[in-house]
Amino acid sequence: MGKKFTELCVHSEKDFKKQGKTIIKLAKNHGLIAITNRLSLFIDGRPCRRWWFADKNSGVLLSVEYGLIDREAINFLTNEISI
């Protein structure tokens, strides 16, 4: 991928939602379905959200069993790490 995505520093609910939208957009560009356990959660400045990714056509889960936190999900989708 030629475009470098920088991790958003999440300090507010607005940043939290923006980061989620970025992850969903990246997943869609890769032909994946992004699944999360939290759509809107920002408590005490420490959001906790897990992401799983499935192939859009087959529905087969591609990411790890326990899910990826936001930072790991962005790295996974930008091919900086492999799972």
Side-chain angles (χ1 to χ4, degrees):
M1 298 193 62
K3 189 174 182 180
K4 180 75 174 175
F5 285 90
T6 57
E7 180 183 343
L8 295 172
C9 186
V10 178
H11 294 292
S12 69
E13 184 177 356
K14 182 179 176 183
D15 291 341
F16 183 70
K17 289 180 180 181
K18 186 175 180 182
Q19 189 175 48
K21 288 179 183 180
T22 299
I23 291 170
I24 291 168
K25 183 178 177 181
L26 284 170
K28 188 176 181 180
N29 289 344
H30 286 288
L32 302 174
I33 299 169
I35 306 160
T36 184
N37 66 337
R38 300 284 188 264
L39 294 177
S40 181
L41 174 69
F42 194 80
I43 301 170
D44 298 331
R46 304 185 97 195
C48 182
R49 176 171 50 183
R50 297 274 178 186
W51 294 91
W52 294 267
F53 300 99
D55 182 81
K56 188 175 183 177
N57 296 324
S58 67
V60 173
L61 192 65
L62 300 176
S63 58
V64 292
E65 179 180 324
Y66 57 83
L68 303 169
I69 61 172
D70 291 340
R71 182 184 71 251
E72 294 170 337
I74 290 172
N75 290 340
F76 174 73
L77 293 169
T78 58
N79 297 322
E80 292 180 16
I81 61 169
S82 60
I83 303 290

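From a predicted model like this one, the values you see are computed outputs, not experimental measurements.
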**Q** Where do Trp51 and Ile69 come nearest, in terms of heavy atoms and distance?
**A**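 Distance-wise, the nearest heavy atoms are CD1-C, 4.3 Å.
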
**Q** How is the hydrophobic cluster of Ile35 composed, in terms of its other members, when Ile, Leu, Val, Met, Phe, Trp and Tyr link through side-chain heavy atoms under 4.5 Å apart, directly or indirectly?
**A**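 Listed partners: Ile33, Trp52, Leu61.
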
**Q** How far apart are the closest heavy atoms of Leu26 and Leu77, and which atoms are they?
**A**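 Between these two residues, the closest heavy atoms are CB-CD1, 3.7 Å.
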
**Q** Identify the two heavy atoms, one from Ala54 and one from Gly59, that lie closest to each other, and give their separation to 0.1 Å.
**A**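 The pair with the smallest heavy-atom distance is CB-O, 4.0 Å.
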
**Q** Could you report the tightest heavy-atom contact between Ile23 and Ala73, atom names first, then the distance?
**A**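 In terms of heavy atoms, the two residues are closest at CD1-CB, 4.1 Å.
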
**Q** Nearest 0.5 angstrom please: Asp55 CG to His30 NE2, how far?
**A**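 Going from CG on Asp55 over to NE2 on His30, the span is 12.5 Å.
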
**Q** Roughly how far apart are Lys21 NZ and Lys28 NZ, rounded to 0.5 Å?
**A**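 So the NZ of Lys21 and the NZ of Lys28 are separated by 13.5 Å.
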
